[in-house]
Each structure stands twice: as C-alpha cells, then as structure tokens.
Amino acid sequence: MILLNPGPVNLSDRVRQSLLQPDLCHREQEFSQLQQKIREDLLKIYDLNPQQWASVLLTGSGTASVESMVSSLIPPDGKLLIVENGVYGERISQIARIHEIEHSSINHEWGEEIDFNFLETYLKDNRDLTHLAIIHHETTTGRRNSLEKISSICQKYHLSLLVDAVSSFGAEEICFEKWGITALAGTANKCLHGVPGTSFVIVNRNAFPKVEANPRTLYLDLETYCKKQDAGETPFTQSVQTFYALAEALAEFHDQGGWKARHQQYKLLMNRVRNGLKSMGIIPLLPDGESSVVLNSFYLPDGLSYQQLHDHLKAHGFIIYSGQGDLSKSIFRVSTMGAIQPSDMDRFLEVIRSILNP
Ligand SMILES: *Cc1c(COP(=O)(O)O)cnc(C)c1O
C-alpha cells in the first residue's frame, strides 16, 4: 500500500529492519547512547549548536511535542497569542485553554493567508503578550505559513516564537537563529520517515521560564526531559523500538543529503502530482508557491465523492486523505512524505485517470 496521507509514512526497508534490533532496557548505557545519537542527529539537520539548542525526545505522537512545548515554556505571568489558519493552530488554542495558559487567538479561515497587517495592529494594541505560536505548515490545507514574516514581526514586538513544525521539519527551510525561534515541535513519522511513537521539541536553552513555578504537566514537562536527557537518562520509559527506527531514519536522511535533498525529492513528486491532476482538470486548493512541498489539497472532481475516490484508490493500492471539517466534502489531500518514488506517483495518476474515464 502506498500511503499518501500525511503520516504515518511508508518505511524504507532499512528503517523497517532497524525495528528488529535486540531488546533493550531504557536504563542501560546502550539506550543512553542511542538517545544521545538521535538528539545530535536532529540538531545537525539545521546545523544547530548543542551548546545553544537542545533536542528533547518524547514518547508520543506529534501532538505530545506541541502540548509539551506550549504547556512548559510560558511562565505563569506570560501571555500567548495563537495565530490560526487551520485545525492545528486551533488545536494549540485548545491546549492553552486546557492548561489554563493566558492566551488569545487570531483566527483565519482554514487555508487563508495570515493577515500580517492585522497581526501588527493587534500587537500594537496588546503589549502584554509574551509568546506567539504558529503552525509552519498547516496540514489542514497544505499552506506553508511564512515563518520569515512572522519571525520579523515577533522580533519587532519582542515575542518568543513557538512553532509547530510537525509536518515540515526536515523538508522545508527553517532558520532557527535568523528567525529567532524559541522552540519548535516535530515528530519522527512525517518528513523524517521514522515510525510513529517518538516526537521531539527543539528548544533554545535560554527558553525555559526563569521563575520557579509548578509545572503545568507531569508527563510532558519539557525541562524535566531536557535535564534528564542531558544527563544521559530519561524520566519515563521511552518507546525503545521507535528510537531504533528514528536513529536509522536519521542516518538515512543524512546519507541522502539532508533537508535540502528531501525538499527537492518532495518537490519532484508534488510537481508530478500537481501537473498530472491539472491535466485531468483537477484543481489545487492553493495557488502555486503558497503550499508546502509536503502536502497539497485538491478539489474533488465533479460528480465524485471523497469516499468513491478513496475507495477506488485503495482498491488499487493508494491511500489518500480527506479534508477536515467543512472541507471534507470538497477536497482531498495528497502527501509526498515517506519512502515513495516518482513511479508510484505516475501509477497513482493512472488510477485517477481510470476512474475519470472508465
Ligand atoms: C500531524 C500534525 C500534528 C500532530 O498530529 P499527531 O496525530 O499527534 O501526530 C500536529 N501539527 C501538525 C501541523 C501536523 O501536521
């Protein structure tokens, strides 16, 4: 089965085989070395200095890393602004609400470009804000939000920038230093091609709240993990086998040429899909250049429901992804993540052609 959903992804043989390594206790030195290697290899992706940056590994899906970041880094007297234009931005507001973090949200329609002028006006009127959270790639629609623009606004208004890069880390440009990123959440099983179960936060070592305060969460407290992992330990049982897979996926990632190579590979696949679908009259939701290379949304062809398209493709070995909420009736989504080849995309297009012209 070829998975064109935005994670979990098709595994390479190399990553799949890595799951079969020996049983391992998470309190032993071998685990400590495995953990350390992953932490270093994650920082290498964007050339980050381990003195200044920490990668912190969590057992849980991408949402765990986002919740850990948001619940751990805003001090009791801090105030968070969430800029939303999709499901995942709205999820951050939900996290803030549950953890009783003082916050406000700027809500856009799903897929809409962020209104930077409005954002600036809002910040001028709300000088008590301390943090801003944003989704890098809104997987709801495929829109890549401009971290460059957001970051320059954050720097101007002295806001700490928290980024959900769960579906872009490893495949899109991220300039941690230049953009003044405070922390960023990612996961093993999207653009890094590992298995689901491990997620991580890349955090500036100066980002932890200075004031002594009770953590809002026991299991997801980022500083607890960071301190333990710096000492070669782990506060709780980690998912050992998914660590094996992530270590191998990162080795493969670096062997294949790092994030720029992965970006190019995804771009090649996505251009093939976009052009192929366009030639059949299937229109992308967003104009060229506004989407990530990781996922694009397309309008369903006339007379074909998502379920019909999905089931036909599944019968031929492909999984696509539905739209969420109101978009579920009008769009479908195609992702390029995972160990897939241009020839897989050509076959995918053939199957779509066959359903349009039976
Ligand atoms: C996938 C994803 C998440 C996390 O989803 P999980 O189901 O918890 O892995 C968070 N944010 C974005 C932008 C995502 O694409």
Side-chain angles (χ1 to χ4, degrees), residues 39 43 48-58 60 62-84 88-107 119-120 122-136 147 150-166 174 176-186 199-231 234-236:
R39 298 183 75 205
L43 292 185
L48 298 177
N49 176 357
Q51 309 291 327
Q52 193 58 46
W53 297 89
S55 59
V56 183
L57 306 180
L58 303 159
T63 305
S65 62
V66 176
E67 185 159 3
S68 175
M69 171 175 79
V70 172
S71 62
S72 304
L73 294 181
I74 295 148
D77 59 349
K79 187 168 177 195
L80 173 67
L81 175 67
I82 301 126
V83 180
E84 311 168 345
Y88 296 99
E90 293 177 9
R91 185 175 290 177
I92 294 186
S93 294
Q94 211 177 343
I95 291 170
R97 203 174 314 127
I98 287 170
H99 291 280
E100 299 182 346
I101 294 166
E102 217 193 315
H103 70 283
S104 55
S105 310
I106 296 179
N107 187 277
L119 174 61
E120 278 225 53
Y122 189 88
L123 292 176
K124 277 184 197 138
D125 294 344
N126 292 273
R127 297 284 181 167
D128 56 338
L129 290 161
T130 57
H131 292 67
L132 184 148
I134 183 79
I135 312 298
H136 185 199
L147 281 187
I150 284 279
S151 69
S152 72
I153 294 174
C154 282
Q155 286 171 355
K156 189 165 162 192
Y157 292 89
H158 306 292
L159 298 176
S160 297
L161 176 58
L162 308 181
V163 182
D164 169 346
V166 171
I174 305 175
F176 282 78
E177 308 267 354
K178 188 168 139 211
W179 295 344
I181 291 171
T182 296
L184 175 148
S199 58
F200 54 87
V201 179
I202 310 284
V203 56
N204 190 307
R205 289 185 175 278
N206 297 325
F208 293 110
K210 305 281 181 290
V211 280
E212 201 65 40
N214 287 332
R216 294 188 178 92
T217 161
L218 174 81
Y219 188 69
L220 292 175
D221 185 54
L222 197 60
E223 196 165 12
T224 305
Y225 279 86
C226 191
K227 281 184 177 153
K228 283 283 189 183
Q229 292 181 8
D230 282 347
T234 171
F236 309 105

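Please read all numbers here as calculations on a predicted model, not as lab measurements.
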Is it true that a side-chain atom of Arg216 and a backbone atom of Val70 form a donor plus acceptor pair closer than 3.5 Å? no
State which residues pass side-chain contact (heavy atoms from CB on, under 4.5 Å) with Glu90; sequence neighbours excluded, sorted by chain then number. Glu84, Asn107, Trp110
Could you tell me the separation between the CZ atom of Arg39 and the SG atom of Cys226, rounded to the nearest 0.5 Å? 5.5 Å
Minimum heavy-atom separation for Leu43 to Ala54, with atom names? CD2-C, 4.2 Å
Would you call the rings of Phe236 and Tyr219 parallel, tilted or perpendicular, where under 30° means parallel and over 60° means perpendicular? tilted
Report yes if the side chains of Trp53 and Asn204 come closer than 4.5 Å at any heavy-atom pair, otherwise no. yes
Looking at Leu162, is its backbone amide N or carbonyl O close enough to the side chain of Thr182 to form a donor-acceptor pair, meaning the two atoms are under 3.5 Å apart? no
Do Leu81 and Asn126 have side-chain heavy atoms sitting under 4.5 Å apart? no
Between Thr217 and Ser71, does any side-chain donor sit less than 3.5 Å from a side-chain acceptor? no
Heavy atoms only: give me the nearest Ile101-His103 pair and the separation to one decimal. O-ND1, 2.8 Å
Starting at CD of Glu177, measure out to CD of Gln52 and round the result to the nearest 0.5 Å. 6.5 Å
Residues two or more places apart in sequence or in another chain: which of them pass side-chain contact (heavy atoms from CB on, under 4.5 Å) with Pro215? Asp221
Quick check: closest heavy atoms across Val201 and Ser65, and the distance to 0.1 Å? CG2-O, 3.4 Å
Can you find a heavy atom in the side chain of Leu129 that is under 4.5 Å from one in the side chain of Tyr157? no
Enter the distance from His99:NE2 to Leu80:CG here, rounded to the nearest 0.5 Å. 12.0 Å
Does Thr63 form a side-chain contact (heavy atoms from CB on, under 4.5 Å) with Arg91? I'd like the steps, not just the answer. CA-CA 9 Å; Thr63 305; Arg91 185 175 290 177; 2.8 Å; yes
Any donor-acceptor N/O pair, Gln229 side chain to Leu57 backbone, under 3.5 Å: yes
Nearest heavy-atom approach of Ile82 to Gly89 is CG2-O, 3.5 Å
Option passing side-chain contact (heavy atoms from CB on, under 4.5 Å) with His136 (candidates Leu147, Asp164, Ile181): Leu147
From CD1 (Ile74) to CD (Glu102), nearest 0.5 Å: 11.0 Å
For the side chain of Arg205 and the backbone of Pro50, is there at least one donor-acceptor N/O pair under 3.5 Å apart? yes
Within-4.5 Å side-chain heavy-atom neighbours: Ile202 and Phe176: yes
Nearest heavy-atom approach of Met69 to Val163 is CE-O, 3.4 Å
So do Thr130 and Asp77 actually touch side chain to side chain, heavy atoms under 4.5 Å? no
When rounded to the nearest 0.5 angstrom, what is the spacing between SG in Cys154 and CH2 in Trp179? 12.5 Å
Closest non-hydrogen atoms of Ala207 and Leu73, given as atom of the first, atom of the second and distance, are O-CD2, 3.9 Å
Roughly how far, to the nearest 0.5 Å, is the CD1 atom of Ile174 from the OG atom of Ser151? 12.0 Å
Does Ser199 reach the main-chain N or O of Gly62 with its side chain, forming a donor-acceptor pair under 3.5 Å? no
Should Ser68 and Tyr225 be marked as a side chain to side chain donor-acceptor pair (under 3.5 Å) after you check the CA-CA gap, both sets of side-chain angles, and the distance that decides it? CA-CA 10 Å; Ser68 175; Tyr225 279 86; over 6 Å; no
If you draw a 6.0 Å radius around NZ in Lys79, do more than 12 non-hydrogen atoms from other residues or ligands fall strictly inside? yes
Do Leu123 and His158 come within less than 4.5 Å of each other through their side chains, counting heavy atoms only? no
